[in-house]
Amino acid sequence: MLSITELSENVWSRVAAGEVVERPASAVKELVENSIDAQAKRIRVSLKDGGRLGIIVEDDGTGIAFDELPLALMYHATSKISAVEDLEHIMTLGYRGEALASLVAVADVELRSRQQGADSGGIIRTRNGKITEHIPANCPQGTLVKVENLFSGLPARRKFLKSASGELRRCASFIREYAVCSPKTSFTLEHDGKTVFATDGAGDKKRILAKIWGNSPEIQSVNVKAGHTELECWFQARAGLTGRGDTMAFVNGRTVNDPVVKSAISQAARELAGNWALFFGLDPSLVDVNIHPAKSEVRFRYNDEIYDAVHECVRHLGRPMTIPEILSAPAPIITHSTIPNSQPSTRTSSGWKFSDTPSAVKDIPAFQNTFTLPEQEEAPEIQYLGQSSGGYLVYDNGEAIILADPHAAHERVNYERIKSIAESSHNVQKLLVPAVLHPTLALEVHEYERELKASGFGLENTAQGVELQAVPAIGNVEFEPEVLLRASLAALKNNRDGDTRAVLWRTWATMACKASVKLTTKLSQNEALALWRELHDCKQPNVCPHGRPTMIELKNSDLLKRFGRE
Ligand code: ADP
Ligand code: MG
(Lines give C-alpha, C1' and ligand atoms only; values in the text may rest on other atoms or scores of the structure.)
(Ligands and ions follow the chains in the order given, each with its own letter.)
Protein backbone atom coordinates (compact mmCIF):
# COMPACT_ATOMS: atom_id res chain seq x y z
CA MET A 1 0.00 0.00 0.00
CA LEU A 2 1.16 3.57 -0.66
CA SER A 3 2.06 5.48 2.45
CA ILE A 4 0.29 8.76 3.16
CA THR A 5 2.26 11.86 2.21
CA GLU A 6 1.37 15.54 2.32
CA LEU A 7 0.86 16.96 -1.17
CA SER A 8 3.36 19.60 -2.18
CA GLU A 9 1.95 23.09 -2.80
CA ASN A 10 2.75 22.66 -6.47
CA VAL A 11 0.36 19.69 -6.65
CA TRP A 12 -2.44 20.79 -4.32
CA SER A 13 -2.66 24.23 -5.82
CA ARG A 14 -3.34 22.68 -9.19
CA VAL A 15 -5.89 20.29 -7.73
CA ALA A 16 -7.68 23.19 -6.05
CA ALA A 17 -7.35 25.39 -9.12
CA GLY A 18 -9.28 22.84 -11.16
CA GLU A 19 -12.40 23.51 -9.11
CA VAL A 20 -12.34 27.22 -9.75
CA VAL A 21 -10.84 27.50 -13.20
CA GLU A 22 -12.29 24.59 -15.02
CA ARG A 23 -12.10 26.09 -18.51
CA PRO A 24 -11.38 29.43 -20.21
CA ALA A 25 -14.93 30.64 -19.67
CA SER A 26 -14.69 30.09 -15.92
CA ALA A 27 -11.46 32.10 -15.83
CA VAL A 28 -13.22 34.94 -17.61
CA LYS A 29 -16.14 34.72 -15.21
CA GLU A 30 -13.89 35.02 -12.15
CA LEU A 31 -12.05 38.00 -13.64
CA VAL A 32 -15.22 39.82 -14.64
CA GLU A 33 -16.64 39.24 -11.17
CA ASN A 34 -13.52 40.81 -9.70
CA SER A 35 -14.04 43.85 -11.92
CA ILE A 36 -17.64 44.13 -10.81
CA ASP A 37 -16.61 43.82 -7.17
CA ALA A 38 -14.11 46.64 -7.84
CA GLN A 39 -17.08 48.83 -8.85
CA ALA A 40 -15.88 49.23 -12.39
CA LYS A 41 -17.96 51.37 -14.73
CA ARG A 42 -16.25 49.93 -17.77
CA ILE A 43 -15.25 46.31 -18.30
CA ARG A 44 -13.60 45.07 -21.46
CA VAL A 45 -13.04 41.38 -22.15
CA SER A 46 -10.87 40.35 -25.03
CA LEU A 47 -10.45 36.72 -26.03
CA LYS A 48 -8.18 34.95 -28.46
CA ASP A 49 -9.51 31.68 -29.85
CA GLY A 50 -12.33 31.47 -27.34
CA GLY A 51 -9.88 32.29 -24.53
CA ARG A 52 -7.77 29.23 -25.24
CA LEU A 53 -4.90 31.33 -26.56
CA GLY A 54 -5.37 34.36 -24.38
CA ILE A 55 -7.72 36.28 -22.12
CA ILE A 56 -7.59 39.95 -21.17
CA VAL A 57 -10.02 41.51 -18.72
CA GLU A 58 -9.61 45.23 -18.15
CA ASP A 59 -11.57 47.53 -15.87
CA ASP A 60 -11.57 51.05 -14.47
CA GLY A 61 -12.38 49.95 -10.93
CA THR A 62 -10.75 50.67 -7.59
CA GLY A 63 -7.49 48.91 -8.48
CA ILE A 64 -4.93 47.17 -6.26
CA ALA A 65 -2.15 48.87 -4.28
CA PHE A 66 1.33 48.20 -5.66
CA ASP A 67 2.50 46.47 -2.48
CA GLU A 68 -0.54 44.22 -2.42
CA LEU A 69 -0.11 42.84 -5.93
CA PRO A 70 1.73 39.68 -4.75
CA LEU A 71 -0.92 39.14 -2.07
CA ALA A 72 -3.73 39.29 -4.61
CA LEU A 73 -2.15 36.29 -6.33
CA MET A 74 -1.96 34.17 -3.18
CA TYR A 75 -4.43 31.52 -2.11
CA HIS A 76 -6.90 32.65 0.53
CA ALA A 77 -5.95 36.29 0.21
CA THR A 78 -8.94 38.55 -0.23
CA SER A 79 -10.01 42.09 0.55
CA LYS A 80 -13.68 41.09 0.69
CA ILE A 81 -14.05 39.26 3.99
CA SER A 82 -11.91 38.96 7.06
CA ALA A 83 -13.93 37.05 9.65
CA VAL A 84 -16.26 34.04 9.69
CA GLU A 85 -19.19 36.34 10.53
CA ASP A 86 -18.65 38.10 7.23
CA LEU A 87 -19.86 34.96 5.46
CA GLU A 88 -23.30 35.78 6.86
CA HIS A 89 -23.72 38.91 4.78
CA ILE A 90 -21.75 38.60 1.60
CA MET A 91 -22.69 41.18 -0.97
CA THR A 92 -19.61 40.82 -3.20
CA LEU A 93 -19.31 38.20 -5.90
CA GLY A 94 -15.92 36.99 -4.70
CA TYR A 95 -14.79 36.28 -1.13
CA ARG A 96 -12.82 33.04 -1.30
CA GLY A 97 -9.54 34.57 -2.44
CA GLU A 98 -8.96 31.71 -4.83
CA ALA A 99 -9.48 32.93 -8.35
CA LEU A 100 -6.24 34.73 -9.09
CA ALA A 101 -4.22 32.11 -7.22
CA SER A 102 -5.91 29.36 -9.22
CA LEU A 103 -5.10 31.15 -12.44
CA VAL A 104 -1.48 31.48 -11.42
CA ALA A 105 -1.45 27.71 -10.79
CA VAL A 106 -2.71 26.81 -14.25
CA ALA A 107 -1.60 29.66 -16.52
CA ASP A 108 0.84 32.51 -17.01
CA VAL A 109 -0.64 35.68 -15.58
CA GLU A 110 0.14 39.37 -15.94
CA LEU A 111 -1.63 41.85 -13.71
CA ARG A 112 -1.38 45.62 -14.16
CA SER A 113 -3.12 47.85 -11.72
CA ARG A 114 -3.28 51.36 -10.33
CA GLN A 115 -5.24 51.93 -7.20
CA GLN A 116 -7.74 54.76 -7.01
CA GLY A 117 -5.92 57.86 -5.73
CA ALA A 118 -2.41 56.48 -6.34
CA ASP A 119 0.03 58.34 -8.59
CA SER A 120 1.30 55.28 -10.32
CA GLY A 121 0.66 51.60 -10.45
CA GLY A 122 2.53 48.40 -11.08
CA ILE A 123 2.87 45.21 -13.01
CA ILE A 124 3.25 41.73 -11.65
CA ARG A 125 3.97 38.70 -13.84
CA THR A 126 3.99 34.97 -13.13
CA ARG A 127 5.28 31.95 -15.00
CA ASN A 128 4.85 28.29 -14.04
CA GLY A 129 3.20 29.30 -10.79
CA LYS A 130 6.00 31.65 -9.68
CA ILE A 131 6.23 35.44 -9.61
CA THR A 132 8.85 36.49 -12.17
CA GLU A 133 8.47 40.26 -12.07
CA HIS A 134 6.96 42.95 -9.81
CA ILE A 135 7.75 46.45 -11.03
CA PRO A 136 6.22 49.94 -10.77
CA ALA A 137 4.62 51.16 -13.99
CA ASN A 138 2.44 53.90 -15.31
CA CYS A 139 -0.98 52.51 -15.98
CA PRO A 140 -4.51 53.88 -16.00
CA GLN A 141 -6.66 53.57 -12.87
CA GLY A 142 -8.13 50.13 -12.65
CA THR A 143 -6.89 46.66 -13.34
CA LEU A 144 -5.89 44.64 -16.35
CA VAL A 145 -5.40 40.90 -16.09
CA LYS A 146 -3.87 38.96 -18.92
CA VAL A 147 -3.96 35.16 -18.93
CA GLU A 148 -1.90 33.07 -21.33
CA ASN A 149 -0.90 29.43 -21.76
CA LEU A 150 -3.93 28.25 -19.85
CA PHE A 151 -3.54 24.62 -18.71
CA SER A 152 -0.19 24.35 -20.49
CA GLY A 153 1.15 22.41 -17.49
CA LEU A 154 -1.96 20.22 -17.41
CA PRO A 155 -2.07 18.32 -20.71
CA ALA A 156 -5.04 16.23 -19.54
CA ARG A 157 -7.15 19.33 -18.95
CA ARG A 158 -6.00 20.92 -22.19
CA LYS A 159 -7.16 17.88 -24.11
CA PHE A 160 -10.67 18.30 -22.80
CA LEU A 161 -11.02 21.96 -23.68
CA LYS A 162 -14.19 22.68 -25.58
CA SER A 163 -14.22 24.31 -28.99
CA ALA A 164 -13.40 28.00 -29.24
CA SER A 165 -16.99 28.77 -30.26
CA GLY A 166 -18.34 26.87 -27.25
CA GLU A 167 -16.10 28.84 -24.86
CA LEU A 168 -16.99 32.10 -26.55
CA ARG A 169 -20.68 31.31 -26.32
CA ARG A 170 -20.38 30.61 -22.59
CA CYS A 171 -18.42 33.81 -22.02
CA ALA A 172 -20.88 35.81 -24.07
CA SER A 173 -23.73 34.24 -22.17
CA PHE A 174 -22.63 35.28 -18.69
CA ILE A 175 -21.25 38.65 -19.85
CA ARG A 176 -24.71 39.33 -21.26
CA GLU A 177 -26.17 38.29 -17.94
CA TYR A 178 -23.91 40.58 -15.96
CA ALA A 179 -24.61 43.37 -18.44
CA VAL A 180 -28.31 42.98 -17.69
CA CYS A 181 -27.67 42.78 -13.96
CA SER A 182 -25.34 45.81 -13.94
CA PRO A 183 -26.87 48.06 -16.59
CA LYS A 184 -24.85 51.04 -15.37
CA THR A 185 -21.58 49.34 -16.23
CA SER A 186 -20.54 49.20 -19.85
CA PHE A 187 -19.40 45.77 -21.01
CA THR A 188 -17.47 44.97 -24.16
CA LEU A 189 -16.65 41.50 -25.36
CA GLU A 190 -14.13 41.19 -28.16
CA HIS A 191 -13.17 38.01 -29.88
CA ASP A 192 -10.14 37.75 -32.14
CA GLY A 193 -10.22 41.52 -32.53
CA LYS A 194 -13.92 41.87 -33.30
CA THR A 195 -16.55 43.22 -30.91
CA VAL A 196 -19.21 40.59 -30.38
CA PHE A 197 -21.23 42.24 -27.62
CA ALA A 198 -21.26 45.69 -26.09
CA THR A 199 -23.44 47.73 -23.79
CA ASP A 200 -23.22 51.46 -23.13
CA GLY A 201 -23.63 51.53 -19.37
CA ALA A 202 -26.57 53.94 -19.66
CA GLY A 203 -28.56 51.97 -17.12
CA ASP A 204 -31.45 50.87 -19.32
CA LYS A 205 -32.11 47.24 -18.41
CA LYS A 206 -34.95 46.82 -20.85
CA ARG A 207 -32.82 48.01 -23.73
CA ILE A 208 -30.08 45.53 -22.87
CA LEU A 209 -32.61 42.72 -22.68
CA ALA A 210 -34.00 43.79 -26.05
CA LYS A 211 -30.50 43.55 -27.46
CA ILE A 212 -30.31 39.96 -26.30
CA TRP A 213 -33.88 38.80 -26.89
CA GLY A 214 -34.91 41.05 -29.73
CA ASN A 215 -37.33 43.96 -29.56
CA SER A 216 -40.55 42.23 -30.16
CA PRO A 217 -42.76 41.10 -28.63
CA GLU A 218 -42.78 43.72 -25.92
CA ILE A 219 -40.67 42.85 -22.87
CA GLN A 220 -42.78 43.02 -19.73
CA SER A 221 -41.66 43.45 -16.17
CA VAL A 222 -43.17 42.96 -12.76
CA ASN A 223 -41.95 43.29 -9.18
CA VAL A 224 -43.34 41.03 -6.50
CA LYS A 225 -42.62 40.12 -2.91
CA ALA A 226 -43.06 36.75 -1.22
CA GLY A 227 -42.14 36.74 2.46
CA HIS A 228 -38.50 37.77 2.73
CA THR A 229 -37.90 37.49 -1.00
CA GLU A 230 -38.23 40.29 -3.49
CA LEU A 231 -38.32 39.44 -7.15
CA GLU A 232 -37.88 41.70 -10.13
CA CYS A 233 -38.97 39.75 -13.15
CA TRP A 234 -38.59 40.48 -16.86
CA PHE A 235 -40.42 38.37 -19.38
CA GLN A 236 -40.82 38.12 -23.11
CA ALA A 237 -43.31 35.72 -24.67
CA ARG A 238 -41.54 33.65 -27.25
CA ALA A 239 -42.68 32.51 -30.67
CA GLY A 240 -43.16 28.80 -31.15
CA LEU A 241 -41.46 27.88 -27.97
CA THR A 242 -42.62 24.84 -26.09
CA GLY A 243 -40.13 24.87 -23.23
CA ARG A 244 -37.85 27.35 -21.57
CA GLY A 245 -36.47 30.17 -23.61
CA ASP A 246 -33.47 32.17 -22.58
CA THR A 247 -33.45 32.24 -18.81
CA MET A 248 -31.22 34.12 -16.44
CA ALA A 249 -31.43 34.23 -12.71
CA PHE A 250 -29.61 36.34 -10.15
CA VAL A 251 -29.59 36.23 -6.42
CA ASN A 252 -28.39 39.47 -4.85
CA GLY A 253 -26.63 40.34 -8.09
CA ARG A 254 -24.92 36.98 -8.45
CA THR A 255 -25.74 34.91 -11.52
CA VAL A 256 -26.79 31.49 -10.32
CA ASN A 257 -27.42 28.15 -11.88
CA ASP A 258 -29.31 26.82 -8.93
CA PRO A 259 -31.62 23.77 -8.80
CA VAL A 260 -34.33 25.53 -6.77
CA VAL A 261 -34.37 28.57 -9.03
CA LYS A 262 -34.20 26.36 -12.11
CA SER A 263 -37.15 24.28 -11.09
CA ALA A 264 -39.17 27.40 -10.20
CA ILE A 265 -38.46 28.77 -13.66
CA SER A 266 -39.35 25.48 -15.33
CA GLN A 267 -42.68 25.55 -13.58
CA ALA A 268 -43.29 29.10 -14.73
CA ALA A 269 -42.22 28.31 -18.28
CA ARG A 270 -44.78 25.54 -18.47
CA GLU A 271 -47.45 28.16 -18.00
CA LEU A 272 -45.85 31.05 -19.84
CA ALA A 273 -43.40 30.11 -22.56
CA GLY A 274 -40.75 32.70 -23.20
CA ASN A 275 -37.57 34.39 -22.05
CA TRP A 276 -37.11 35.09 -18.38
CA ALA A 277 -34.74 37.26 -16.36
CA LEU A 278 -35.26 36.97 -12.62
CA PHE A 279 -33.56 39.12 -10.01
CA PHE A 280 -34.07 37.82 -6.51
CA GLY A 281 -33.21 40.14 -3.70
CA LEU A 282 -33.08 38.95 -0.11
CA ASP A 283 -31.25 39.58 3.07
CA PRO A 284 -27.77 38.04 2.62
CA SER A 285 -28.17 36.15 5.89
CA LEU A 286 -31.05 34.18 4.34
CA VAL A 287 -28.99 32.77 1.54
CA ASP A 288 -25.80 30.75 1.78
CA VAL A 289 -23.59 31.41 -1.23
CA ASN A 290 -20.70 29.42 0.18
CA ILE A 291 -21.56 25.99 -1.16
CA HIS A 292 -19.44 25.51 -4.22
CA PRO A 293 -16.07 26.94 -5.31
CA ALA A 294 -17.57 28.23 -8.54
CA LYS A 295 -20.32 29.87 -6.42
CA SER A 296 -23.10 29.18 -8.92
CA GLU A 297 -25.27 27.24 -6.49
CA VAL A 298 -26.74 28.82 -3.40
CA ARG A 299 -28.83 27.60 -0.51
CA PHE A 300 -31.97 29.48 0.46
CA ARG A 301 -33.34 29.52 3.96
CA TYR A 302 -36.88 29.61 2.54
CA ASN A 303 -37.09 27.66 -0.72
CA ASP A 304 -40.87 28.02 -0.87
CA GLU A 305 -40.60 31.76 -1.18
CA ILE A 306 -38.64 31.34 -4.39
CA TYR A 307 -41.46 29.27 -5.90
CA ASP A 308 -44.11 31.60 -4.54
CA ALA A 309 -42.43 34.67 -5.95
CA VAL A 310 -42.07 33.14 -9.41
CA HIS A 311 -45.64 31.90 -9.32
CA GLU A 312 -46.83 35.36 -8.37
CA CYS A 313 -45.03 36.78 -11.41
CA VAL A 314 -46.71 34.29 -13.71
CA ARG A 315 -50.06 35.29 -12.26
CA HIS A 316 -49.33 38.95 -12.96
CA LEU A 317 -47.90 38.43 -16.38
CA GLY A 318 -50.73 36.68 -18.01
CA ARG A 319 -53.21 33.92 -18.30
CA PRO A 320 -51.76 30.44 -18.57
CA MET A 321 -51.32 29.38 -22.17
CA THR A 322 -51.58 25.94 -23.64
CA ILE A 323 -49.94 26.77 -26.95
CA PRO A 324 -47.14 29.33 -26.93
CA GLU A 325 -48.26 32.68 -28.18
CA ILE A 326 -46.75 33.95 -31.35
CA LEU A 327 -47.01 37.56 -30.41
CA SER A 328 -44.20 38.66 -32.61
CA ALA A 329 -45.03 36.74 -35.75
CA PRO A 330 -46.92 38.74 -38.33
CA ALA A 331 -49.96 36.74 -39.23
CA PRO A 332 -50.35 35.44 -42.74
CA ILE A 333 -50.90 37.41 -45.86
CA ILE A 334 -53.22 35.51 -48.08
CA THR A 335 -53.21 36.20 -51.79
CA HIS A 336 -55.62 35.15 -54.46
CA SER A 337 -53.85 36.10 -57.59
CA THR A 338 -55.88 33.63 -59.63
CA ILE A 339 -59.25 35.02 -58.61
CA PRO A 340 -59.93 38.29 -60.37
CA ASN A 341 -62.94 39.45 -58.39
CA SER A 342 -62.14 38.88 -54.77
CA GLN A 343 -62.37 41.91 -52.55
CA PRO A 344 -59.12 43.27 -51.25
CA SER A 345 -59.30 44.25 -47.65
CA THR A 346 -56.86 45.29 -44.98
CA ARG A 347 -57.23 44.28 -41.41
CA THR A 348 -54.92 46.36 -39.38
CA SER A 349 -56.64 45.60 -36.14
CA SER A 350 -55.78 41.93 -36.27
CA GLY A 351 -52.42 42.73 -37.80
CA TRP A 352 -52.89 40.90 -41.05
CA LYS A 353 -54.26 41.64 -44.43
CA PHE A 354 -55.72 40.01 -47.45
CA SER A 355 -54.73 41.18 -50.82
CA ASP A 356 -55.50 40.24 -54.40
CA THR A 357 -52.56 41.84 -56.03
CA PRO A 358 -49.25 40.06 -56.07
CA SER A 359 -47.65 43.48 -55.89
CA ALA A 360 -48.91 43.80 -52.35
CA VAL A 361 -46.58 41.04 -51.29
CA LYS A 362 -43.65 41.90 -53.45
CA ASP A 363 -41.61 43.41 -50.66
CA ILE A 364 -42.25 40.50 -48.36
CA PRO A 365 -39.00 38.63 -48.58
CA ALA A 366 -39.99 35.23 -47.40
CA PHE A 367 -43.07 33.22 -48.05
CA GLN A 368 -45.65 33.63 -50.75
CA ASN A 369 -48.68 32.88 -48.79
CA THR A 370 -51.44 31.38 -50.83
CA PHE A 371 -54.51 29.31 -50.56
CA THR A 372 -54.00 28.06 -54.09
CA LEU A 373 -57.07 27.77 -56.20
CA PRO A 374 -56.89 26.00 -59.57
CA GLU A 375 -56.40 28.36 -62.48
CA GLN A 376 -59.25 26.78 -64.33
CA GLU A 377 -62.18 27.25 -61.97
CA GLU A 378 -64.60 24.32 -62.30
CA ALA A 379 -68.21 24.70 -61.31
CA PRO A 380 -67.86 24.36 -57.55
CA GLU A 381 -69.59 21.36 -56.09
CA ILE A 382 -69.48 23.29 -52.86
CA GLN A 383 -71.40 26.45 -52.18
CA TYR A 384 -70.29 28.97 -49.61
CA LEU A 385 -73.26 30.51 -47.85
CA GLY A 386 -71.51 32.93 -45.56
CA GLN A 387 -70.11 33.37 -42.09
CA SER A 388 -72.27 33.07 -39.01
CA SER A 389 -72.27 35.68 -36.27
CA GLY A 390 -70.13 33.28 -34.23
CA GLY A 391 -67.48 33.25 -36.96
CA TYR A 392 -68.23 29.79 -38.41
CA LEU A 393 -68.13 29.31 -42.15
CA VAL A 394 -71.32 27.88 -43.63
CA TYR A 395 -71.10 25.68 -46.73
CA ASP A 396 -73.57 23.56 -48.70
CA ASN A 397 -72.30 20.52 -50.60
CA GLY A 398 -75.62 19.47 -52.10
CA GLU A 399 -76.16 16.84 -49.40
CA ALA A 400 -75.57 18.72 -46.21
CA ILE A 401 -74.93 22.06 -44.61
CA ILE A 402 -71.41 22.12 -43.26
CA LEU A 403 -70.18 24.45 -40.54
CA ALA A 404 -66.44 24.94 -40.42
CA ASP A 405 -64.27 26.54 -37.77
CA PRO A 406 -61.92 28.74 -39.83
CA HIS A 407 -59.17 28.69 -37.19
CA ALA A 408 -59.18 24.93 -36.74
CA ALA A 409 -59.36 24.42 -40.51
CA HIS A 410 -56.46 26.76 -41.18
CA GLU A 411 -54.44 25.09 -38.42
CA ARG A 412 -54.93 21.73 -40.08
CA VAL A 413 -53.90 23.11 -43.48
CA ASN A 414 -50.76 24.78 -42.10
CA TYR A 415 -49.85 21.77 -40.03
CA GLU A 416 -49.99 19.27 -42.86
CA ARG A 417 -48.17 21.53 -45.21
CA ILE A 418 -45.30 22.04 -42.79
CA LYS A 419 -45.19 18.35 -42.01
CA SER A 420 -44.92 17.39 -45.65
CA ILE A 421 -42.20 19.96 -46.21
CA ALA A 422 -40.26 18.67 -43.23
CA GLU A 423 -40.63 15.09 -44.38
CA SER A 424 -39.66 15.70 -47.97
CA SER A 425 -36.53 17.47 -49.13
CA HIS A 426 -36.26 21.02 -47.91
CA ASN A 427 -37.68 23.87 -49.87
CA VAL A 428 -35.68 26.97 -49.36
CA GLN A 429 -36.95 30.49 -49.70
CA LYS A 430 -34.26 32.98 -50.61
CA LEU A 431 -34.68 36.36 -48.92
CA LEU A 432 -34.76 39.31 -51.28
CA VAL A 433 -33.08 41.39 -48.62
CA PRO A 434 -30.65 39.31 -46.55
CA ALA A 435 -30.67 40.21 -42.88
CA VAL A 436 -27.41 40.88 -41.03
CA LEU A 437 -27.73 39.15 -37.69
CA HIS A 438 -26.99 40.87 -34.44
CA PRO A 439 -23.56 39.65 -33.27
CA THR A 440 -25.09 38.00 -30.20
CA LEU A 441 -27.54 36.09 -32.33
CA ALA A 442 -24.80 35.28 -34.84
CA LEU A 443 -22.83 33.74 -32.05
CA GLU A 444 -25.66 31.42 -31.04
CA VAL A 445 -26.33 30.61 -34.66
CA HIS A 446 -22.70 29.62 -35.09
CA GLU A 447 -23.11 26.93 -32.46
CA TYR A 448 -25.96 25.26 -34.38
CA GLU A 449 -24.85 26.20 -37.87
CA ARG A 450 -24.83 22.65 -39.17
CA GLU A 451 -28.36 21.82 -38.01
CA LEU A 452 -29.76 25.17 -39.15
CA LYS A 453 -28.20 24.89 -42.59
CA ALA A 454 -29.41 21.32 -42.94
CA SER A 455 -32.96 22.45 -42.24
CA GLY A 456 -32.97 25.17 -44.88
CA PHE A 457 -31.52 28.29 -43.29
CA GLY A 458 -29.02 30.03 -45.56
CA LEU A 459 -26.26 31.57 -43.42
CA GLU A 460 -23.22 33.25 -44.84
CA ASN A 461 -20.24 35.05 -43.31
CA THR A 462 -19.86 38.40 -45.03
CA ALA A 463 -17.92 41.59 -44.40
CA GLN A 464 -21.00 42.97 -42.57
CA GLY A 465 -21.23 39.95 -40.30
CA VAL A 466 -23.33 36.80 -40.49
CA GLU A 467 -26.11 37.19 -43.04
CA LEU A 468 -29.36 35.29 -43.05
CA GLN A 469 -29.91 34.77 -46.75
CA ALA A 470 -32.55 32.06 -46.87
CA VAL A 471 -35.08 30.38 -44.63
CA PRO A 472 -36.97 27.09 -44.88
CA ALA A 473 -40.03 27.64 -47.05
CA ILE A 474 -42.90 26.75 -44.79
CA GLY A 475 -45.63 26.74 -47.37
CA ASN A 476 -48.27 29.34 -46.87
CA VAL A 477 -47.17 30.58 -43.49
CA GLU A 478 -45.53 33.94 -43.25
CA PHE A 479 -43.06 34.64 -40.49
CA GLU A 480 -40.41 37.24 -39.99
CA PRO A 481 -37.26 35.36 -41.05
CA GLU A 482 -35.51 36.29 -37.82
CA VAL A 483 -38.46 35.18 -35.71
CA LEU A 484 -38.34 31.82 -37.45
CA LEU A 485 -34.58 31.62 -36.89
CA ARG A 486 -34.81 32.52 -33.20
CA ALA A 487 -37.62 30.03 -32.59
CA SER A 488 -35.72 27.28 -34.40
CA LEU A 489 -32.59 28.09 -32.44
CA ALA A 490 -34.48 27.92 -29.15
CA ALA A 491 -35.93 24.56 -30.17
CA LEU A 492 -32.49 23.21 -31.05
CA LYS A 493 -31.10 24.41 -27.72
CA ASN A 494 -33.88 22.67 -25.82
CA ASN A 495 -33.67 19.57 -27.95
CA ARG A 496 -33.01 16.52 -25.83
CA ASP A 497 -34.22 13.65 -27.99
CA GLY A 498 -31.85 14.34 -30.84
CA ASP A 499 -34.21 14.20 -33.81
CA THR A 500 -33.51 17.68 -35.12
CA ARG A 501 -35.93 17.50 -37.99
CA ALA A 502 -38.87 16.40 -35.86
CA VAL A 503 -38.10 19.05 -33.25
CA LEU A 504 -37.97 21.78 -35.86
CA TRP A 505 -41.08 20.83 -37.70
CA ARG A 506 -43.04 20.63 -34.47
CA THR A 507 -41.85 24.13 -33.60
CA TRP A 508 -42.81 25.49 -36.99
CA ALA A 509 -46.15 23.71 -36.86
CA THR A 510 -46.89 25.27 -33.48
CA MET A 511 -45.99 28.66 -34.88
CA ALA A 512 -48.16 28.05 -37.89
CA CYS A 513 -51.07 27.04 -35.70
CA LYS A 514 -50.86 30.24 -33.78
CA ALA A 515 -50.55 32.29 -36.93
CA SER A 516 -53.71 30.71 -38.34
CA VAL A 517 -56.76 32.87 -38.99
CA LYS A 518 -58.91 33.55 -35.98
CA LEU A 519 -62.51 32.49 -35.50
CA THR A 520 -63.42 36.16 -35.50
CA THR A 521 -61.69 36.88 -38.81
CA LYS A 522 -64.10 37.75 -41.59
CA LEU A 523 -63.32 35.75 -44.71
CA SER A 524 -64.35 36.68 -48.24
CA GLN A 525 -66.16 34.12 -50.35
CA ASN A 526 -63.02 33.27 -52.27
CA GLU A 527 -61.00 32.89 -49.14
CA ALA A 528 -63.62 30.64 -47.64
CA LEU A 529 -63.72 28.50 -50.79
CA ALA A 530 -59.94 28.35 -50.99
CA LEU A 531 -59.78 27.27 -47.37
CA TRP A 532 -62.34 24.54 -48.06
CA ARG A 533 -60.23 23.17 -50.88
CA GLU A 534 -57.00 23.29 -48.95
CA LEU A 535 -58.67 21.55 -46.05
CA HIS A 536 -60.04 18.80 -48.25
CA ASP A 537 -56.58 18.20 -49.70
CA CYS A 538 -55.38 17.35 -46.20
CA LYS A 539 -54.89 13.77 -45.07
CA GLN A 540 -57.04 14.36 -41.98
CA PRO A 541 -59.39 17.22 -42.84
CA ASN A 542 -61.85 16.53 -40.04
CA VAL A 543 -59.77 17.46 -37.01
CA CYS A 544 -57.33 20.21 -36.18
CA PRO A 545 -53.84 19.24 -34.97
CA HIS A 546 -55.09 19.46 -31.38
CA GLY A 547 -57.91 17.03 -32.01
CA ARG A 548 -60.83 19.45 -32.19
CA PRO A 549 -63.25 19.10 -35.10
CA THR A 550 -62.76 21.39 -38.08
CA MET A 551 -66.27 20.79 -39.48
CA ILE A 552 -69.73 19.85 -38.32
CA GLU A 553 -72.21 18.41 -40.80
CA LEU A 554 -76.01 18.79 -40.82
CA LYS A 555 -77.26 16.26 -43.39
CA ASN A 556 -80.28 17.31 -45.50
CA SER A 557 -81.85 13.94 -44.70
CA ASP A 558 -81.49 14.62 -40.97
CA LEU A 559 -82.91 18.10 -41.39
CA LEU A 560 -85.92 16.59 -43.17
CA LYS A 561 -86.49 14.33 -40.19
CA ARG A 562 -86.09 17.09 -37.70
CA PHE A 563 -88.56 19.30 -39.49
CA GLY A 564 -91.03 16.42 -39.42
CA ARG A 565 -91.07 16.01 -43.19
CA GLU A 566 -90.04 12.36 -43.24
P1 ADP B 1 -11.72 37.13 -4.28
O2 ADP B 1 -12.39 37.80 -5.42
O3 ADP B 1 -12.47 35.93 -3.84
O4 ADP B 1 -11.39 38.05 -3.19
P5 ADP B 1 -9.54 36.78 -6.12
O6 ADP B 1 -8.44 35.79 -6.16
O7 ADP B 1 -10.45 36.78 -7.25
O8 ADP B 1 -10.33 36.52 -4.79
O9 ADP B 1 -8.93 38.21 -5.95
C10 ADP B 1 -8.06 38.46 -4.85
C11 ADP B 1 -8.09 39.93 -4.46
O12 ADP B 1 -7.46 40.70 -5.48
C13 ADP B 1 -9.45 40.52 -4.31
O14 ADP B 1 -9.97 40.30 -3.03
C15 ADP B 1 -9.22 41.97 -4.61
O16 ADP B 1 -8.78 42.65 -3.47
C17 ADP B 1 -8.08 41.95 -5.60
N18 ADP B 1 -8.57 42.07 -6.99
C19 ADP B 1 -8.66 41.08 -7.91
N20 ADP B 1 -9.11 41.56 -9.08
C21 ADP B 1 -9.31 42.88 -8.90
C22 ADP B 1 -9.78 43.94 -9.75
N23 ADP B 1 -10.15 43.73 -11.01
N24 ADP B 1 -9.84 45.18 -9.22
C25 ADP B 1 -9.49 45.42 -7.93
N26 ADP B 1 -9.05 44.47 -7.11
C27 ADP B 1 -8.96 43.22 -7.57
MG1 MG C 1 -12.60 36.97 -7.26
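In each ligand, atom 1 is the first atom listed, and ligand 1 is the first ligand listed.
- In terms of modelled atom types and a separation under 3.5 Å, the side chain of R114 and the main chain of A118 share a donor-acceptor contact.
- Between the H446 side chain and the G166 main chain, no donor and acceptor come within less than 3.5 Å of each other.
- The backbone N or O of A226 lies less than 3.5 Å from no partner atom in the side chain of D308, so there is not a single donor-acceptor pair.
- Of the polar atoms of T143, at least one N or O is found under 3.5 Å from an N or O of ligand 1, judged by distance alone.
- E58 places no side-chain N or O within donor-acceptor distance of the main-chain N or O of V145, the cut-off being under 3.5 Å.
- Judged purely by atom type and a 3.5 angstrom limit, D204 has no side-chain atom pairing as donor or acceptor with the backbone of P183.
- For ligand 1 and T78, the ligand atoms under 4.0 Å from any heavy atom of the residue are 1 (P), 4 (O), 14 (O).
- Taking backbone and side-chain atoms together, N34 has an N/O/S atom less than 2.8 Å away from the Mg ion (ligand 2).
- Residue-level proximity to ligand 1 for L100 is carried by backbone and side chain together, each with a heavy atom below 4.0 angstrom.
- Residue S79 holds the heavy atom nearest to atom 15 (C) of ligand 1 of all those in G61, A99, S79.
- Here the shortest heavy-atom distance to atom 1 (P) of ligand 1, taken over A38, G97, S102, G142, belongs to G97.
- Atom numbering of ligand 1 starts at 1 in the shown order; those under 4.0 Å from a heavy atom of E98 are 6 (O), 8 (O).
- The backbone N or O of S113 lies less than 3.5 Å from no partner atom in the side chain of T143, so there is not a single donor-acceptor pair.
- Each of the following atoms of ligand 1 lies closer than 4.0 Å to a heavy atom of G63: 25 (C).
- In the vicinity of A72, heavy-atom distances shorter than 4.0 Å reach the ligand 1 atoms 10 (C), 12 (O).
- Only side-chain heavy atoms of D59 come within less than 4.0 Å of ligand 1; its backbone N, CA, C and O stay farther off.
- For NZ of K184, the number of neighbouring non-hydrogen atoms (other residues, nucleotides, ligands) closer than 6.0 Å is 12 at most.
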